[in-house]
Amino acid sequence: MATLPIVQYEEKIIETIERNPVVVVIGETGSGKSTQLSQMLYRRGYADSARIVVTQPRRVAAVTVARRVAQELGVQLGEEVGYAIRFEDRTSHRTRIKYLTDGVLLRESLVNPELNEYSVVILDEAHERSLNTDILMGLMKRLAKIRTSNLKVLITSATLDGNKVSNFFRDCPVLTIPGKLYPVEILYSKERPSSYLESSLKTAIDIHVREPEGDVLIFMTGQDDIEKLVSKLEDKVRSLEEGSCMDAIILPLHGSLPPELQVRVFNPPPPSCRRIIVATNIAETSLTVDGVVYVIDSGYVKQRQYNPSTGMYSLDIVQISKVQANQRAGRAGRTRPGKCYRLYPSQVYNDEFLDVTVPEIQRSSLAGSVLYLKSLDLPDIDILKFDFLDPPSSESLQDALKQLYLIDAIDENGAITSIGQKMAELPLEPSLSRTLMEANDYGCIPEALTVAAMLSAETTLLPARSKTEKKRKHPEPNLPDGFGLGDHIQLLQIFECWDQTDYDIGWCKDNGLQVRGMLFVRDVRKQLSQIMQKIAKGPLDIRSSRRRGESRQDYRNLRKALCVGYANQLAERKMHHNGYRTLGFQGQVVQVHPSSVLKADDLGKFPDYVVYHELIATPRPYMRNVCSVEMRWVVPVINKLKTLDVYKLSGGTGPVEEETERNVPDLPKKIVEVTAGVDDSESRIQAARERFLARKGKK
DNA sequence: GAGCACTGC
């Protein structure tokens, strides 16, 4: 094994950690921080009385890094070195170094908030700013204060925000460890291209024709653009004169590609053949492609963001941050010196790009996180003033409180209820955990478990359709239709059909369902069942209803339970047509998503009331996954809406306005513009989109 | 009749 840069710094690192409870480690790519920090501390006896734990934002990372460390220490994985991810705990009583996902550590904190099992907590890849890691950083700041004598906290970060993280942790020391990347030459465009597609195409072909061997990695924003570019590249490469340059294989790479096609990028190319990989952000951190020497960076990424004032998500194309741009460039220098072609001028990088990516906590609905923090019941913590590295806006926190109040997870004073306490134990969005609670009373737990599990995997169930496939009218004619009652019912029926085949893999394939997604649903359902049995403190019949030989005509109980769980996600049909208005403070005019199986009645009318799983502006506002409910179930919710008092919910500690002023975070301008667009007028989003499309050369 | 970047408990 080649020497990792970090090894030379061992004395310095240990000395700093011994003197300080919290240390920020800036470890550049290839520094070896993920595998070496834990081993250094292990050698120095930090794992003698308690364990060393290392978090990762992704499951694969937790597994592969643990495997490497076990190998380096010459031990069996699962013994001295182990890992824990959802559905898989490979640790034993002998485990001294434990790798896990940040979500698993949050679950462990729920049981033991002091984390006494651990002597060292390392939050790795904190610069990615995942929602879970951000919450953990807040919790660790508190824990480091409480457990001064026997806890060490290490945060790994990126160069650009090391000082910020250090300031957050009371000016703790920052150690910088160089990486082992080869130099990457950065080449900027003179101006922004009028079409990213054409510009990427031209740059890629130039590289292919002129540059020595080495694979090309192109960062695009989505599946559509990737498919277009792949086909253009194929045409162009084919038209090149035979023998004028080496062969090329063009490979798409994005999340909705079936796994067997994704792994193609890990196969080495045939000799004297160049690979051109056209990828989404998945290649930025999640997947590392070996052999890349040239990177083409469009400078854009598709990002999902939540607008707390409308309760709506939007998927926007935004400029990447400097951290992301550098991460992308770094992908070219893993095996030898490389080149990165940035399709934007250096001035745009310097003046317009944010230093770091907007943290997920400022782009998400926070109901689940707020419920989680409330359920920890930390005496010294006030959620609205919770010490986050980048606090979410008070508007976002108040939105979360409103949601939680409407589904009975907190009372009118903002205190967690016994229902809320149980909900927090379920690894689900609050709307679904509330549905499960209610289903327990209505005797439809088996159905509710299935719906919750199916929605947890929903996007991975149906394989990506390419352009040609999309044209087929009814791709899955054999799948049930939810009796027209809605998508939740359809998802339930699909699982029940599969259940009846004894989980036959072939059945999934025949019906165009992703096998991995369905297996995941089965695992989630099992996990949820176990937690529900624990909460109910008694035996529950959790068998799928097909197994019980029962049939449901109208799924009345289930839909009633959904209506309670989705109290904050209700919509009322507008008079005389099939548009809806959401119920709540700022009613939004929305449509049923065209992919829905919800059916209109004989008069062509949709049901008067529906619940929806999610609002998404793409850019027109749609309700995705809807289910019909009845007006009399909705009435209690409307009455509760009338009693809602945000001032009291926030703890009534001061005027809400004042809080608002004090809690406004430094929202980057770009995001403010985008969310403001969703907020007040559709035309603004449309305009933004048109500008982008124009740039891409579509118009 | 329109579209969905990526994670995770």
Side-chain angles (χ1 to χ4, degrees), chain A residues 55-62 84-89 100-111 125 128-136 219-227 253-257 262 279-287 298 300-305 313-318 320 324 357 359-360 363-364 368-369 371-372 423-430 432-433 452-453 456-467 469-471 473 520 523-524 527-528 530-531 578 591-598 614 616-625 689:
Chain A
T55 67
Q56 294 291 331
R58 280 172 295 281
R59 295 161 57 96
V60 266
I85 57 177
R86 192 181 189 178
F87 309 131
E88 208 183 339
D89 185 351
L100 38 62
T101 45
D102 47 17
V104 170
L105 189 59
L106 281 178
R107 286 287 138 192
E108 290 187 359
S109 310
L110 208 50
V111 184
E125 316 291 358
E128 287 185 27
R129 305 300 304 277
S130 78
L131 179 54
N132 288 340
T133 298
D134 265 23
I135 292 171
L136 281 171
F219 284 100
M220 302 294 289
T221 60
Q223 185 183 344
D224 248 28
D225 286 356
I226 288 174
E227 282 171 7
L253 180 61
H254 52 83
S256 37
L257 214 59
Q262 275 189 22
T280 59
N281 230 22
I282 197 168
E284 197 178 286
T285 49
S286 304
L287 292 180
S298 64
Y300 284 93
V301 66
K302 212 179 265 184
Q303 215 170 54
R304 197 173 131 101
Q305 25 222 10
Y313 279 94
S314 58
L315 206 58
D316 305 301
I317 290 162
V318 299
I320 57 173
Q324 281 181 293
T357 315
E360 205 185 338
R363 295 188 276 119
S364 317
S369 303
L371 180 63
Y372 171 83
M423 284 166 57
E425 287 189 48
L426 289 156
L428 289 172
E429 294 157 53
L432 292 176
S433 52
S456 301
E458 196 246 341
T459 49
T460 57
L461 292 182
L462 297 171
R465 309 246 174 76
S466 69
K467 269 271 147 74
E469 276 177 296
K470 276 179 220 171
K471 290 196 176 133
K473 273 212 169 148
F520 176 77
D523 286 341
V524 173
Q527 185 191 31
L528 297 177
Q530 286 164 350
I531 298 170
N578 278 338
Q591 302 284 329
V592 175
H593 197 278
S595 68
S596 176
V597 294
L598 186 76
E614 160 179 276
I616 179 102
T618 60
R620 272 194 281 277
Y622 284 109
M623 300 183 281
R624 274 188 71 245
N625 288 317
R689 184 161 174 84

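Naming: A, B, ... by sequence-line order, numbering from 1 per chain.
Counting non-hydrogen atoms under 4.0 angstrom, A:Leu106 reaches nothing in the nucleic acid. Within 4.0 Å (heavy atoms only), A:Arg59 reaches sugar-phosphate atoms of the nucleic acid but no base atom. Backbone-only contact: A:Ser286 has heavy atoms under 4.0 Å from sugar-phosphate atoms and none from a base. Within 4.0 Å of A:Arg86, counting heavy atoms only, lies at least one base atom of the nucleic acid. No contact: A:Val301 has no heavy atom under 4.0 Å from any strand.
If you take CD on A:Gln56 and CD on A:Glu125, they are separated by 5.5 Å, rounding to the nearest 0.5 Å. A:Ser298 contributes atom OG, which lies 8.5 Å from atom CG of A:Asp225 (distance to the nearest 0.5 angstrom). Atoms CD1 and OG1, from A:Ile320 and A:Thr221 in turn, are 12.0 Å apart once rounded to the nearest 0.5 Å.
A residue-by-residue look at A:Arg304 and A:Gln527 shows that A:Arg304 has its nearest nucleotide of DNA chain B further toward the 5' end. In terms of position along DNA chain B, the nucleotide closest to A:Lys302 lies nearer the 5' end than the nucleotide closest to the other residue of the pair A:Lys302 and A:Phe520.
Here A:Thr618 reaches the OP1 or OP2 of B:dC4: one of its side-chain N or O atoms lies under 4.0 Å away. Residue A:Thr101 has no polar side-chain atom (N or O) positioned under 4.0 Å from OP1 or OP2 of B:dT7. Distances shown here put every side-chain N or O of A:Thr221 at or beyond 4.0 Å from the OP1 or OP2 atom of B:dA5. The shortest distance between the side-chain N/O atoms of A:Thr280 and the OP1/OP2 oxygens of B:dC6 is below 4.0 Å.
The nucleotide whose nearest atom lies closest to any side-chain atom of A:Pro594 is, among B:dA2, B:dC9, B:dC4, B:dA2. Of the listed nucleotides (B:dT7, B:dA5, B:dC9), B:dT7 has the atom at the smallest distance from the side chain of A:Arg58. Distance from the side chain of A:Val104 is smallest for B:dC9 among the nucleotides B:dC9, B:dA2, B:dA5.
When the side chain to side chain contact (heavy atoms under 4.5 Å, CB included) test is applied to A:Glu88, the partners found at least two apart in sequence or on another chain are A:Tyr83, A:Ile85, A:Arg90.
As a whole-Å value, the separation of A:Tyr313 OH from B:dA5 C1' is 14 Å. As a whole-Å value, the separation of A:Ile85 CD1 from B:dT7 P is 14 Å. Distance A:Ile320 CD1 to B:dA5 P: 17 Å, rounded to the nearest Å. Atom CG of A:Asp89 and atom P of B:dC9 are 12 Å apart (whole Å). The CD atom of A:Glu284 sits 13 Å away from the C1' atom of B:dT7 (whole-angstrom rounding). The distance between atom CD of A:Gln56 and atom P of B:dG8, rounded to the nearest whole Å, is 11 Å. The separation between A:Asn578 atom CG and B:dA2 atom P is 14 Å, rounded to whole Å. In this entry the distance linking CG of A:Leu315 with C1' of B:dC4 reads 6 Å, nearest Å.
Looking at A:Leu131, A:Asp134, A:Thr133, A:Asn132 one by one, the single match for side-chain contact (heavy atoms from CB on, under 4.5 Å) with A:Glu360 turns out to be A:Leu131.
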Evaluate side chain to side chain contact (heavy atoms under 4.5 Å, CB included) for A:Gln305 paired with A:Asp316, printing each intermediate quantity in order.
CA-CA 8 Å; A:Gln305 25 222 10; A:Asp316 305 301; 2.9 Å; yes

